[in-house]
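Heads up, the thing below is written out as structure tokens.
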Amino acid sequence: MADDRLIVALDLPDAVSGLKLADRLGDAVGFYKIGLGMLTGGGLALAQELKDERGKRIFLDMKLFDIGATVEAAVRGLCRFDLDFLTVHGDPNVVRAAMEGAAGTGTKILAVTILTSMDRADLDAALMRDGPVGQIVLDRAAAALAAGADGVIASPAEAGALRGLSEARGRLIVTPGIRPPGAAPDDQKRIATPRGALEAGADHIVVGRPVWQAADPRAAARAVLDEIAA
Ligand code: C5P
């Protein structure tokens, strides 16, 4: 049985290359993230193939944001793909609509707080409230969880503080921004090791380039699994 705390991000251009990678990883990996970049390249078909034919769990990272009725309808439609996790922006009205759309299905709704690519200057440009980004992340997470979200996406740097929120009790914290010890950070700024993120309170870690760009992706995934099992 694969350790589903590890979610591998299939950030490849199309479903064919995504499936090829998943088949190289084989039984080492049981949980995959498919994002917007692959949507027009057969991402939903890949989700279905991995789920139905390979028995994998699927995290569809769509970061939905729209009026409530549209979010609810979009989530209801996407839930037909028997997804495990689906992301929406963490605004309470968006989260409530997504929870309606997912009602009665096994899909868990995860809320995005503030994109990690955004700094204070970007928040100013977006006319977002004053204050440190970290505090706004916490407040948005608390509001999204109070609105019913099954969990939140957060950087490992925020996982500890989020775990301390009363609203986060029994909810999921999923962290990208993971780098095995010694790996290149790429464009990630606030990174943690797989074990560091789990110790900070994450339930699942999302790992992309350190696995899919590796010369031997299966060995790279195994190294992450060994580190978290140790
Ligand atoms: O390649 P890497 O491990 O950096 O990939 C991380 C994955 O998580 C990518 O799919 C990226 O889009 C996603 N992600 C992230 N930071 C966030 C939200 C999502 O890196 N805050």
Side-chain angles (χ1 to χ4, degrees), residues 2-11 28-37 57 59-61 63 84-90 108-120 122-123 131-145 149-214 217 220-230:
D3 183 341
D4 282 353
R5 290 179 297 173
L6 170 63
I7 301 176
V8 170
L10 289 176
D11 292 326
V29 175
F31 211 153
Y32 287 103
K33 181 170 92 75
I34 295 173
L36 280 172
R57 296 176 75 193
F59 168 2
L60 194 69
D61 190 12
K63 298 188 179 72
D84 293 279
F85 295 168
L86 173 64
T87 48
V88 303
H89 279 267
K108 292 198 185 311
I109 299 296
L110 303 182
V112 175
T113 56
I114 300 285
L115 297 174
T116 44
S117 58
M118 294 183 84
D119 59 16
R120 186 60 252 181
D122 296 313
L123 296 187
V133 179
Q135 188 58 49
I136 296 176
V137 166
L138 273 182
D139 292 348
R140 275 181 63 83
L145 292 166
D150 296 300
V152 290
I153 308 292
S155 87
E158 292 146 1
L162 285 168
R163 199 73 283 169
L165 289 173
S166 60
E167 291 88 344
R169 208 167 298 138
R171 311 292 179 92
L172 296 166
I173 297 176
V174 178
T175 55
I178 302 298
R179 288 296 176 270
D186 303 307
D187 54 3
Q188 296 284 9
K189 294 198 179 86
R190 290 179 293 160
I191 56 175
T193 62
R195 197 192 318 173
L198 294 169
E199 281 173 357
D203 299 288
H204 296 273
I205 54 172
V206 178
V207 183
R209 284 162 288 184
V211 170
W212 65 259
Q213 282 186 347
R222 282 256 170 250
V224 171
L225 293 165
D226 288 346
E227 199 219 339
I228 62 181

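When a residue number appears, it is its place in the shown sequence, counting from 1.
- When all heavy atoms of Thr175 and Ala159 are compared, the pair lying nearest together is CG2-CB, 4.1 Å.
- Here the closest heavy-atom approach between residue Ser117 and residue Asp122 is recorded as O-OD2, 3.6 Å.
- In this structure, Phe59 CZ and Ile34 CD1 are separated by 11.0 Å, a value rounded to the nearest 0.5 Å.
- Here the closest non-hydrogen pair linking Ala220 and Pro210 is CB-O, 3.5 Å.
- Pro156 and Ala197 get closest at one heavy-atom pair: CB-CB, 4.2 Å.
- Atom-to-atom distance recorded for Asp84:CG and Lys33:NZ is 14.5 Å, nearest 0.5 angstrom.
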Decide yes or no on side-chain contact (heavy atoms from CB on, under 4.5 Å) for Asp61 and Leu36, but give the supporting numbers first.
CA-CA 7 Å; Asp61 190 12; Leu36 280 172; over 6 Å; no
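- With rounding to the nearest 0.5 Å, the separation of CG in Leu123 from CG in Leu115 is 9.5 Å.
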Could you go through Trp212 and Asp11, starting from their C-alpha distance and side-chain angles, then the distance that decides it, and tell me whether this counts as side-chain contact (heavy atoms from CB on, under 4.5 Å)?
CA-CA 8 Å; Trp212 65 259; Asp11 292 326; 3.7 Å; yes
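- In this structure, CD in Glu158 is found 11.5 Å from CD1 in Ile153, a value given to the nearest 0.5 Å.
- A distance of 7.5 Å separates CD1 in Ile205 from CD in Glu227, rounded to the nearest 0.5 Å.
- In this structure, the side chain of Asp150 engages the main chain of Ile109 through a donor-acceptor pair within 3.5 Å.
- The shortest non-hydrogen separation linking Val29 to Ala2 is C-CB, 3.9 Å.
- Residues Arg195 and Ile228 come closest through the heavy atom pair N-CG2, 4.0 Å.
- Of the possible polar contacts, one joining the Arg163 side chain to the Ala168 backbone as a donor-acceptor pair under 3.5 Å is found.
- How far CD1 of Ile178 is from CG of Leu198: 7.5 Å, rounded to the nearest 0.5 Å.
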For residues 136-143, tabulate all N or O donor-acceptor pairs below 3.5 Å that involve a side-chain atom, not counting sequence neighbours.
from	atom 1	to	atom 2	distance (Å)
Asp139	OD1	Gln135	NE2	2.9
Asp139	OD2	Arg129	NH1	3.3
Asp139	OD2	Arg129	NH2	3.0
Arg140	NE	Thr113	O	2.7
Arg140	NH2	Asp91	OD1	3.1
Arg140	NH2	Thr113	O	3.3

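- Sorted by first and then second residue, the salt bridge (Lys or Arg N to Asp or Glu O under 4.0 Å) pairs involving residues 168-188 (not counting sequence neighbours) are Arg179-Asp186, Asp186-Arg209, Asp187-Arg209.
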